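The block underneath contains the structure these notes are about, expressed in structure tokens.
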2 protein chains.
Amino acid sequence: MARRKQAVTIKHVAAEAGVSLQTVSRVINNEASVRPEMKVRVQSAIDKLGYVPSIAAQRMSGSRSYIILALNDRDRTIADWRARQGTDWVDQMLLGGMLSCAENGYRLIIELVDTHNDHVERELAAAIAALQPDGVILTPPHSDNPLITGLLAKRQIPFARIGSRSTGDGIALTMDDEGAAQQATQHLLALGHRSIGFIAGPADYQLSGWRGHGRSRDEHGRPACHG
Amino acid sequence: MARRKQAVTIKHVAAEAGVSLQTVSRVINNEASVRPEMKVRVQSAIDKLGYVPSIAAQRMSGSRSYIILALNDRDRTIADWRARQGTDWVDQMLLGGMLSCAENGYRLIIELVDTHNDHVERELAAAIAALQPDGVILTPPHSDNPLITGLLAKRQIPFARIGSRSTGDGIALTMDDEGAAQQATQHLLALGHRSIGFIAGPADYQLSGWRGHGRSRDEHGRPACHG
DNA sequence: CTGTTAGCGCGTTCAT
DNA sequence: ATGAACGCGCTAACAG
């Protein structure tokens, strides 16, 4: 297999703009301390070369993975598929969340798992280890599976529970309309924008003040998390 | 954001098993040259520690990304979603491919793009640069978009065109049944298993001889699928 | 057959 | 406000 390396890397951009790698990195991450002129120069170099950061590399150096994991019931999913009547989860849940992700430079990856199975934890743990998502979305019947919510809470991974009214860790969304996943996603992303480390008790986040823009992060504004 | 590092890495496994990283890597990738006893020792260490390789890291070192990219028309997708009648693409196309991917340790990521838009190429290029997928699946109307197929062919990225009869680069699947995407996926994966470098002309691969890879868990039989 | 050496692309301390 | 150096987890050459 032809080594699939990154065609144009941050290094090329740096050379093109005549600056150091870090400066480019700073521009990419929208950091403050960069002279406007530099910023412009780097940005034009980026556009010119059509550079796009590799999420794999980004993740490798400890930053976000820009990936949201969605857990769906395997059996149910397969059954629906075979019956060709899946107007169910996909449309309501997936698309909404997917759109929100896309709007913010994130990607939604769907993982099918068996809730009733004993190795739910293993499956989840494996998915998390492999993907290292920045957030997780749970759909019924996973939303109320303590093994799942417990693991997530334990690992400090932000997650949303769709179609669940019970209290507990994570964000619970009850609305069954097609906007559920979308909101869930936005919550997750919003959290990411605030350098989270929450999930320790009943949270109370306000979606209202959220505003979209891809990969930019501001460090202030701790989530109004009071238990 | 709490540095989301890999909890248990290949290094831990190596220590636990008392071997070198490379040996562990070889076991993970199911390479032949490893003494059975070593294999067992390493494997048990893996199980004991619950180790799962990070696809980000795997990709970083030039191997596969274990990701298949599926391109779908954005407008159409959103429209269907709003109309709550999406029994369309998702069920037929996505689920099938998704299942095939899952069965082989791969992940399917859906990307929405505007075919009619002029920057289709930019969008595609960006997605490829960011995700670096091992293969791409095209759905109508992308399947016959020369800008897309051209770019893919040029970059030597294996891809399948669903719902297209025209000849050209990539694999063309005409069947409209729910197995299309599944087959497309399998083709792609099969190619990967063979260290491809094809896509230069009409390819002719036989799906029949295909069989699961190391990290694939034998699931139940896949729905009928004739070449 | 197994261990050692080198990076992959990017973010992150320090230095400057 | 910038740059240099190091490390992340993993695999691909090369030894031995």
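It should be emphasised that the depicted structure is a prediction, and the values quoted were computed from it without experimental measurement.
Following rounding to the nearest Å, A/Tyr66 (OH) and C/dG11 (P) show an atom-to-atom distance of 8 Å. If you measure from atom CG of B/Asn30 to atom C1' of D/dT11, you get 15 Å, rounded to the nearest angstrom.
No engagement by A/Val24 is indicated, since no non-hydrogen atom pair under 4.0 Å with the nucleic acid exists.
Taking a cutoff of 4.0 Å between a charged side-chain nitrogen and a carboxylate oxygen, A/Arg107 and B/Glu111 qualify as a salt bridge.
Neither OP1 nor OP2 of D/dC10 sits under 4.0 Å from any side-chain N or O of B/Ser25. For B/Arg26 and D/dT11, the shortest distance from a side-chain N or O to OP1 or OP2 is not below 4.0 Å. Of the side-chain N and O atoms in A/Ser63, none sit less than 4.0 angstrom from OP1 or OP2 of C/dT12. Side-chain nitrogen and oxygen atoms of A/Ser20 include at least one within less than 4.0 Å of the OP1 or OP2 phosphate oxygen of D/dG3.
The rotation axes computed at either terminus of the helix from C/dC1-D/dG16 to C/dT16-D/dA1 lie 30° apart, taking five pairs at each end and rounding to 10 degrees.
Of the possible polar contacts, one joining the A/Arg74 side chain to the A/Leu112 backbone as a donor-acceptor pair under 3.5 Å is found. Of the possible polar contacts, one joining the B/Gln6 side chain to the B/Val52 backbone as a donor-acceptor pair under 3.5 Å is found. Of the possible polar contacts, none joining the B/Arg161 side chain to the B/Leu138 backbone as a donor-acceptor pair under 3.5 Å is found. A donor-acceptor pair is defined here as one N or O able to donate and one able to accept, closer than 3.5 Å; such a pair exists between the side chain of B/Asn145 and the backbone of B/Leu147.
When all heavy atoms of A/Ser54 and B/Gln132 are compared, the pair lying nearest together is OG-NE2, 3.6 Å.
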Anything under 3.5 Å between a protein N or O and an N or O of nucleotides 5-9 of chain C, put it in a table, one pair a line.
unit_1, atom_1, unit_2, atom_2, d
C/dC8, O2, B/Met60, O, 2.3
C/dC8, O2, B/Ser61, N, 3.2
C/dG9, OP1, A/Gln6, N, 3.4

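You won't find any donor-acceptor pair under 3.5 Å spanning the side chain of A/Arg64 and the base of C/dG11, going by distance alone.
For the residue pair A/Gln22 and A/Ser20, a side-chain donor N or O sits within less than 3.5 Å of a side-chain acceptor on the partner. Using modelled atom types, one finds no donor on one side chain facing an acceptor on the other under 3.5 Å when comparing A/Arg59 with A/Tyr66.
Picking from C/dT2, C/dG3, D/dA1 the nucleotide with the shortest atom distance to the side chain of A/Ser33 gives D/dA1.
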